[in-house]
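Remarks on the structure that follows.
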Amino acid sequence: MADTPKLDRWDREHAWHPFSQMQEYCSWPQLHVERGRGCWLWDTDGNRYLDTNASVWTNTFGHNDPDLNAAVTAQLEKVAHSTYLGLSHPAAAEFGRKLCNEAPGNLNRVFFSDNGSNAIEIALKLSYQYWQLQGQPQRKRVIGMQGGYHGDTIGTMAAGQSGRFHERFSAWFLDSWHFPAPHCHELNGEVREADANTSLSALEAYLTTEAHNVACLVIEPFVQGAAGMLQQPPGFLKEVERLCRRFGIHLILDEVFVAFGRLGSLFACTQESVEPDFLCLAKGISAGYVPLAATLIQDSIYEACLGKWTDDRTFFHGHTFTANPIGCAVALKNLEKLKDLVSSGQLAETIEYFGQALAHNFDKHPYVRTIRQRGLTAAVELYAGEGKETWSIEARMGWQVCLAARKHELILRPLGDSLLIVPPLVISEEEIDFMCDRILRTLDEVLGEPPRAIPCKFCGSPTLNQVAGEAVCDPCYVERGACCAD
Ligand SMILES: *Cc1c(COP(=O)(O)O)cnc(C)c1O
């Protein structure tokens, strides 16, 4: 067994973790994941945890899946890496072809890279290059949507808008503008609130005067993950597509998070028959096994970059591990398995159960302000209760809950005071029940058992209100006045 205290020390002494205030990280208990199987992870002391975060939204078929392992091993025994710069290899050829065949519209070209930020960065650069080649070099502005997250490189930070995360670097950003996000609240297949008009009319007004300076619009379809699973009303994406077509700008869909089954289908955009100019993929593409990303590109953009070497139309971009063979081999197997999971109806059943379980356990829970869920994505927004003050930032309440959840065998990840729930696609009904039960127990432990509603002494309806030590609901109180306890 691993020497956990030694690992703790090495980690504290040398590691710098992403998105972490290291002073805080070093003061919290550490957790070293040693192995995994299915939806479970084990730490170096042998404790198990349900991976409710799919190892940062990447995992599709669970950890240590025999089929995916076999695909990796088979490729490993041939070659681990061979450059894609001027050479090709069978795994990339086969995966690229299958991916393009599945993709909508004329997205017939794939440009491989190794993470989501790069997949977006490639689309942005190609869009800009395309407009230059068309004799419209003034088209360099990027439109993004408020709250969008497209990665942490300079270009993708500008396309996104993640407030505190990226604000510091804004002086270095390329030219961008952001339109307001729509409003939507969806849970368990039911759209409870939706407003797209403010957002769409702002975008339309902007394009009416500015479109000639704009290269492209980039958006996360249906769910803005990193913003806290913020949702879009039905039909919204289709309207955005129409506006892009009407004003002649490129549409870049960032499906880094929402593709590969996350919302129930291989690609999300097909749910509204949207055909983007660029489709950016990463995270689930390689089942959460190894880094891989792809930018799918439509024919006319590819064709615009064709010409003699001296024509200066070449796309000068590449990464050392572009189209890594192990990544492509595991992605190919993942794609095959995913098609079965979708066509068998199994994924739809899991999503339905997930939505019902979350609605049943957390909708109207005294410590839950709201819960959004679509596909296998959910955000549970916590608060101290109706009428109570919000927690201060220093309280780090989301983190307190997630740290406590480890003792209840859950790996959970917060965003502010929300819990973001993104399980592997193969989570079972029993595991969903386990997850809900353990989150409830954790909330009881950290926030105290919530007050339980008891029947009103007059009408019997459940209430939290008390008058002189007796339960009296609001309507009865209003009807009977202050003397109602007598
Ligand atoms: C994670 C994510 C990215 C960035 O991907 P990396 O692999 O972390 O660079 C971009 N867009 C969306 C929607 C994401 O969720």
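All values reported here derive from a predicted model rather than from experimental measurement. Each residue takes its place number in the sequence, starting with 1. Whatever order the structure lists ligands and atoms in, that order sets their numbers, starting from 1.
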Any protein N/O atoms within less than 3.5 Å of an N/O atom in ligand 1? List the atom names and distances, or say none.
from	atom 1	to	atom 2	distance (Å)
ligand 1	5 (O)	G116	N	3.4
ligand 1	7 (O)	G116	N	2.7
ligand 1	9 (O)	N115	OD1	3.4
ligand 1	9 (O)	G116	N	3.4
ligand 1	9 (O)	S117	N	2.8
ligand 1	9 (O)	S117	OG	2.5
ligand 1	11 (N)	Y149	O	3.3
ligand 1	11 (N)	D254	OD1	3.3
ligand 1	11 (N)	D254	OD2	2.7
ligand 1	15 (O)	K283	NZ	2.7

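Partner of E255 under the side-chain contact (heavy atoms from CB on, under 4.5 Å) criterion, out of C280, P221, P276: P221 alone. Applying salt bridge (charged side-chain N to carboxylate O under 4.0 Å, His left out) to D363 and the options R369, R192, R372 leaves one that passes, R192.
Between the side chain of Q224 and the main chain of Q146, a donor-acceptor pair closer than 3.5 Å is present. Of the possible donor and acceptor atoms, none in the side chain of E94 sits under 3.5 Å from a partner among the backbone N and O of K98.
Taking the six-membered ring for Trp, F315 and F111 have ring centres closer than 6.0 Å.
Residues D67 and K337 are paired through a salt bridge, judged by an N-O separation under 4.0 Å between the basic side chain and the carboxylate.
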